[in-house]
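When reading the values below, keep in mind they use all heavy atoms of this one structure, side chains included, and skip hydrogens, waters and symmetry mates.
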Amino acid sequence: MVVIRRADASDLDILVDLHREFCDTDTHPFDRRRARAAFVPLLDDDEHGVVWIVDSPLAYAVVTWGWSIEAGGAEAVLDELFVTERGGGVGAAMLEHVVHDGRQRGLARMFLETEAHNERVRRFYERHGFRADDSIWLSHDFVDLS
C-alpha cells in the first residue's frame with residue numbers, strides 16, 4: 001500500500017534532493033537555492049498549490065493553482081511528479097491521488113507538461129485520463145533559469 005501525505009516544512013531538504021534527481025533525469029538545470037525558495041511557500045499552506053510525498057519508495061508531486069476564463073474557473077498544473085523507483089505502482093497511485101484531490105477541490109482542469117521526446121511518460125499520463133491537446137505552450141522567462 002502506498003502512503004501519500006501532504007508534505008510540510010520538515011520535508012524541504014528531501015524534496016530539494018528529489019527535485020535534483022528529477023532535473024538530472026529530465027536534463028533540466030538545477031539550482032538548489034531557487035528550488036528551496038520555490039518549495040517553501042507550497043509547504044506553508046495551500047495558497048499557491050500543494051506538494052504530496054511518499055516516504056517509501058521516495059516520490060513527490062507538485063500541483064500549483066491557476067485560473068482560466070476558458071475553463072470557467074480554477075485549474076491546476078501538475079508541475080512535477082517524480083518517483084525514485086519506477087514500475088512498482090507508486091507513480092500511478094500518486095497520479096490517482098493528485099487527480100482525486102483536484103476533483104475534490106472543484107478544479108475545472110489540470111494540465112501537465114512533458115518533454116517532446118518522452119513518449120513513455122505521455123503514455124503513462126494518457127492511461128490515467130490525460131490527453132494531448134492542440135495547444136502549444138509558450139514561455140517568457142523573467143529570470144535566468146539556466
### Message
What I'd like to find out is whether the side chain of V63 reaches to under 4.5 Å of the side chain of D101, using heavy atoms alone.
### Response
no
### Task
Would you mind reporting whether V2 and H97 have side-chain heavy atoms less than 4.5 Å apart?
no
## Note on the structure
Distance col, row Y125:OH vs N118:CG, nearest 0.5 angstrom, shows 9.0 Å
### Task
State, yes or no, whether a side-chain contact exists between R6 and W52 at a heavy-atom distance under 4.5 Å.
yes
### Task
Indicate the atoms forming the closest heavy-atom contact of D45 with E47, along with that distance.
OD1-N, 2.9 Å
### Message
With rounding to the nearest 0.5 angstrom, report the OG1 to CZ distance, T114 to R120.
### Response
11.0 Å
### Message
Taking CZ in R127 as the centre, count heavy atoms belonging to other residues, nucleotides or ligands within less than 6.0 Å. Is the count above 12?
### Response
yes
### Message
Any heavy-atom pair between the side chains of V77 and E113 that's under 4.5 Å?
### Response
no
### Query
I14, V62: one ILVMFWY side-chain cluster at the under-4.5 Å cut-off?
yes
### Distance (rounded to the nearest 0.5 Å) between L95 CG and L112 CG
8.0 Å
### Summary
Taken in chain and number order and not counting sequence neighbours, the residues that satisfy side-chain hydrogen bond (donor to acceptor under 3.5 Å, both in side chains) with D55 are R5
### Query
Can you name the residues that form a salt bridge (charged side-chain N to carboxylate O under 4.0 Å, His left out) with E70, not counting sequence neighbours?
R109
### Task
Answer yes or no: is there a donor N or O on one side and an acceptor on the other, between the side chain of R122 and the main chain of A116, under 3.5 Å?
yes
### Query
With the 4.5 Å side-chain cut-off for hydrophobic clustering, are F22 and L58 part of the same group?
yes
### Query
Which heavy atom of S68 sits nearest a heavy atom of E75, and at what distance?
CB-OE1, 3.2 Å
### Query
H128 and A92: which non-hydrogen atoms are nearest, and at how many Å?
CE1-CB, 3.6 Å
#### Entry: Validation row, ring centre H140 to ring centre F142 under 6.0 Å
yes
### Task
Rounded to the nearest 0.5 Å, what's the gap from CZ on F39 to CG on D44? Could you check?
13.0 Å
### Query
Which residues pass the side-chain hydrogen bond (donor to acceptor under 3.5 Å, both in side chains) test with E85, sequence neighbours left out?
none
### Query
Do I53 and V50 share a hydrophobic cluster (ILVMFWY, side-chain heavy atoms under 4.5 Å, transitive)?
no
#### Entry: Inter-residue atom distance D11.CG - L43.CG, 0.5 Å rounding
7.0 Å
### Query
Has H100 got more than 12 heavy atoms of other residues, nucleotides or ligands less than 6.0 Å from its NE2?
no
### Message
Any salt bridge linking R32 with D17? Criterion: basic side-chain nitrogen under 4.0 Å from a carboxylate oxygen.
### Response
yes
### Note, L81 side chain near M94 side chain (heavy atom, < 4.5 Å)
yes
### Query
In terms of hydrophobic clusters joined by side-chain contacts under 4.5 Å, are V54 and V16 together?
no
### Query
Do the non-hydrogen side-chain atoms of V98 and M110 ever get within less than 4.5 Å of each other?
yes
### Query
So among Y60, F82, F30, which one has a ring pair (Phe, Tyr, Trp, His ring centres under 6.0 Å) with H19?
F30
### Query
What distance do W65 atom CH2 and L42 atom CG have between them, rounded to the nearest 0.5 Å?
9.5 Å
### Task
Can you see which heavy atom on P29 is nearest to which on C23, and at what distance?
O-SG, 3.7 Å
### Query
Do the side chain of D26 and the main chain of H28 share a donor and acceptor less than 3.5 angstrom apart?
no
### Summary
Between I4 and A93, the two heavy atoms sitting closest are CD1-O, 3.5 Å
### Message
Measuring only between side-chain heavy atoms, which start at C-beta, is L18 closer than 4.5 Å to E80?
### Response
no
